[in-house]
Number of protein chains: 2
Amino acid sequence: MGATAEHDVEQLRARLNDYMAKHGLRSTEQRRLVTEMFFATSEHLSIEDLLDRVRIEEPKIGYATVYRTLKLLKECGLAFERHFGDGVSRYEVAWQDEHHDHLICIECEKIIEFEDDAIEELQHNVASGLGFKLVRHKLELYGVCADCQAKAQD
Amino acid sequence: MGATAEHDVEQLRARLNDYMAKHGLRSTEQRRLVTEMFFATSEHLSIEDLLDRVRIEEPKIGYATVYRTLKLLKECGLAFERHFGDGVSRYEVAWQDEHHDHLICIECEKIIEFEDDAIEELQHNVASGLGFKLVRHKLELYGVCADCQAKAQD
DNA sequence: TTAGGTGCAAACGTTTTGCAACTTG
DNA sequence: CAAGTTGCAAAACGTTTGCACCTAA
């Protein structure tokens, strides 16, 4: 709801250009369109979702280009790939200053993002207790949201 | 390492028979073989893994039967489906008295299971703080295990 | 000019399904 | 016997790839 933090898209562009320059990759019309479209969303988009949006502006863009572009964004750490049970990969912008986990309603499929430092700290404890150096984690909570609990009361 | 808890396979059989009776499903030779084979493992098996094992005893069993049987086990809550990044679904016995999360080494792919009550409690807090009734969760920690850290020092 | 990118369609690997033959209750 | 189950092969699904043509640098 409301004011999403003012994320720094400019910084994402810079990081992408940097990566592309370093790897001899080119900035094409399609790549720009797909990445800008992606950076402009705050949701968890499937390839198909993104393709649909991109095609509003440029109907000739193909599946493969979107796949390849998101693969690129994944590689340079600007997108995260998520899997929520159905067979589809969803992608999310990797804002550098932000980490969050997901709370998913099993009735209406609503997805809420959250962060909890206490949980993160415990995760580090668990990992180091087992000899691991923790690099990243994935936490998904599944439950019934307030709305759906209310509905179920009928 | 060593002594896995004495899990109650008998109870799984009972729950399965119960579910099958309630739904007018039948106990066939193949179904029994696949489920027994599955209940007897403690690993995260792919369909292919399980099929290979089952075919040692009964070479004529087909992919579809194993898929269908695991779908059944999922439905009645006796198996969990897991996705660890590669495109393959893996299955794990849902021992009723046990819940654990996963710690995965990103170098050698080793998977360690763990439980942490403190984390679980915080998860409940987070969920209810956002109005959710928590039903289940998935927590995966990715890092580098002690062995691989040692190897990296060379 | 040339390495890299695109769009298409075909290939891929996993999972699901339609169907005729076969079991189970 | 009726309804559920099997094995097969074909279909479906999301994703990746080969290739001829195009385009940024």
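Below, chain A is the first sequence line, B the second, and so on; all start at residue 1. These numbers come from the heavy atoms of this one structure, side chains and all, not from hydrogens, waters or symmetry mates.
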Test: salt bridge (charged side-chain N to carboxylate O under 4.0 Å, His left out). Region: residues 123-139 of chain B. Which pairs qualify, not counting sequence neighbours? A:E140-B:K138
Reading nucleotides 6-15 of chain D from the 5' end, what letters show protein touch, with B for base, S for backbone sugar-phosphate only, - for no heavy atom under 4.0 Å? BBB-----SB
In whole angstroms, how far is the C1' atom of D:dA24 from the CZ atom of A:R26? 5 Å
Hits for salt bridge (charged side-chain N to carboxylate O under 4.0 Å, His left out) against B:E81, two or more places apart or cross-chain, chain-then-number order -> B:K74
Starting at atom CD of A:E75, determine the distance to atom P of D:dT16, rounded to an integer number of angstrom. 11 Å
Scan residues 103-139 of chain B for pairs that pass ring-ring contact (aromatic ring centres under 6.0 Å, His included), counting only residues two or more places apart or in two chains. B:H99-B:H137
Just how far, in rounded Å, is C1' of C:dT14 from CG of B:L51? 13 Å
Please list, chain by chain and in numerical order, all residues satisfying salt bridge (charged side-chain N to carboxylate O under 4.0 Å, His left out) with B:K22, sequence neighbours excluded. B:D18
Which residues share a salt bridge (charged side-chain N to carboxylate O under 4.0 Å, His left out) with A:R53, sequence neighbours left out: A:E43
From NE2 of A:H23 over to P of C:dG4, roughly how many Å is that when rounded to an integer? 12 Å
Rounded to whole angstroms, how far apart are CG on B:L72 and P on D:dG4? 14 Å
Considering every strand and a 4.0 Å limit on heavy-atom distances, what is the contact class for A:S27: base, sugar-phosphate, or nothing? sugar-phosphate
Whole-Å distance between C:dG25 P and B:K22 NZ? 17 Å
What I'd like to find out is whether the side chain of A:E58 reaches to under 4.5 Å of the side chain of A:M37, using heavy atoms alone. no
Rounded to whole Å, how long is the line connecting atom CG of B:L33 with atom P of C:dT24? 13 Å
